[in-house]
Amino acid sequence: MKDKVDSSRPPDKTMTPLTQSPAWQALQAHRSTLSKQPVYDLFRQDAQRFEQFSLHFDDLLVDFSKQPVTRETLALLLTLARQQDMENWITRLFHGARVNNTEDRAALHIALRSKEPVMLEGENVTLKVNAVLDQMAAFTDKIRSGDHKGYDGQPITDIVNIGIGGSDLGPCMVTEALKPYQSSGIRPHFVSNIDGTQLYETLQPLNPATTLFVIASKTFTTQETLTNAHSARNWFLAQGAQEQDIARHFVAVSTNRAAVAHFGIDPGNMFEFWDWVGGRYSLWSAIGLPIALAIGMDHFRALLAGANAMDQHFLNTPLEKNIPVMLGLIAVWQINFLGVTSHAVLPYDQYLHRFPAYLQQLEMESNGKRIDRNGNAVDYATGTAVWGEPGTNGQHAFYQLLHQGTASISADFLAPCQSQHPIGNHHPLLLANCFAQTQALMCGKNEQEVRHELESSSVSAALREKLIPHKIHPGNHPVTTMLFRKLDPATLGMLIALYEHKVFVQSVIWNINPFDQWGVELGKQLAGKILPELEHDQFTAAYDGSTNGLINFYKRYR
Ligand code: G6Q
């Protein structure tokens, strides 16, 4: 068994500098005083609590007044942030320092949406960024206007993005979220899974003569993507297209020009990005090509502008008014001091239905680390499981666990004030549910309230006493609510950048590198080792007992 991380254990000489530090210890002591106070009581004590514990930026409101925090908690968290040199880390991120220390490179996604020149080791990378944006604009215009014709002279009607992880989740989430902005009639599709079922189901209704494939892979070596890309090409040729038609129907997005050429795509049909763009931070780069093809370049640039506005807020706002900083610090409070192990993302906007999956990667791949920047094991939690579904669906499924389960779960509720489709009273009903859930999670329902409710019902006295414990809701769950005017490209860009920076803030507190992903690399190696074993019919005894058993069962029944 691996050592368990326990942030609540008493001080001893094996503790890391972080958990030994005065700021951490002060928060530890503060926790024991606060845990007895229900959050709704804090509203009674402080009439200004909502104003004091919420932040505005443009048309975005972030309300963390329902979080179990006091002014003292925030002051102690800000002391922790200063102790961990937060301002300096933010500056280093924006100035192209090699913050990704294990891969010895910068993480300069902010340059992809910057209006000002961004320097990386003496080079103005904004020039390269703008050149690729111009290339994307020209191509997008040709496809959307119908000027680019497929091999039989018809315009393109369908785009299939083939990529996985960071080369799929961001573009797919944004394309879904901004569906109302898709005006050209071009239909986007996303294939990520190596399971042939996804490729089959996607291609089956498509006409190869009007389909454009975007092969998206930073490395252009990823097994899933290359396998899907080869099969897509075989399908394309098997349907009657010729080798020379590939140039009109396949483009690549990558950092690896040689591998793109080797696959058979003319590097002239390649959209470049760079090693200082991490996969899960890449939707702003050429990896966003399917977004631009779906919604047009003006909307794509509005998405970038929204992200840039949040970047400027993050870089220039004092820590106590800085939304990503405050949300990151509150997450640290929940995870390291309140024992939260799981985080629900609950968008009350159907267009955000892929947002939880996107954030799952952003948060869990970035901060799912157990070794700090100095190579030492941590003795504190560095993240939670992230999951979620759009409201109100989740209310009829897993919210029960949030309200009355034993697990300690935090939640972000997100909702637009304006619906893209204001049908009847759907939107007020949707938001009534959103507000009611955040209220119930904070206030709960105590014994007195349950008793009162049952007394005014027809339930017998005997049954009433039996039911009371089952109907009590403890409340005091850590909830943040984000409201915004409407889910438009700029607002979405702002929201995504907010979460990117929140994840970075947490990593600074935890002294970990959020920009590498050695666990993902391990997965890429392992499948390659087993594959040769599946290419013959002899039973194997080469692995552990379970793995042998699984392989041999498969061989028997395939
Ligand atoms: C993201 C990760 C990972 C990556 C995929 C696809 O930050 O590194 O999700 O995006 O493994 O990699 P390629 O783009 O290189 O195919």
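Atoms considered below: every heavy atom in the structure, side chains included; atoms not considered: hydrogens, waters and symmetry mates. First listed ligand is number 1; within each ligand, the first listed atom is number 1.
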| Over 12 non-hydrogen atoms of neighbours within 6.0 angstrom of CG in Asp298 | no
To check your reading of the model: name the closest protein heavy atom to [atom], its residue, and the distance in Å.
atom                    : value
atom 9 (O) of ligand 1  : Gln361 NE2, 2.7 Å
atom 11 (O) of ligand 1 : Lys524 NZ, 3.0 Å
atom 7 (O) of ligand 1  : Arg280 NH1, 2.7 Å
atom 5 (C) of ligand 1  : Ile164 O, 3.5 Å
atom 15 (O) of ligand 1 : Thr219 OG1, 2.6 Å

In ligand 1, the atoms that come under 4.0 Å of a heavy atom of Thr222 are 12 (O), 13 (P), 15 (O), 16 (O)
Near Gly279 (heavy-atom distance under 4.0 Å), the atoms of ligand 1 are 1 (C), 7 (O), 10 (O)
Between Thr317 and His313, do the side chains contain an N or O donor and an N or O acceptor separated by less than 3.5 Å? yes
Going by atom types only, do Trp284 and Glu500 share a side-chain donor-acceptor pair under 3.5 Å? yes
Worksheet item: Do ligand 1 and Gly166 have nitrogen or oxygen atoms that lie under 3.5 Å from each other?
Response: yes
For this session: Report yes if Glu521 has an N/O atom closer than 3.5 Å to an N/O atom of ligand 1; otherwise report no.
Result: no
Q) Taking the six-membered ring where the residue is Trp, are the ring centres of Phe57 and Phe484 under 6.0 Å apart? A) no
Given the side-chain rings of His262 and Phe220, with only the six-membered ring counted for Trp, is the space between their centroids under 6.0 Å? no
Looking only at non-hydrogen atoms, the one of Glu365, Gln517, Glu224, Lys218 nearest atom 3 (C) of ligand 1 is Glu365
Notebook entry, point to check: Using 30° and 60° as the class limits, which term best fits the ring planes of Phe314 and Phe504: parallel, tilted or perpendicular?
Noted result: perpendicular
The single option from Tyr499, Phe515, Trp274, Phe273 that satisfies ring pair (Phe, Tyr, Trp, His ring centres under 6.0 Å) with Tyr281 is Phe515
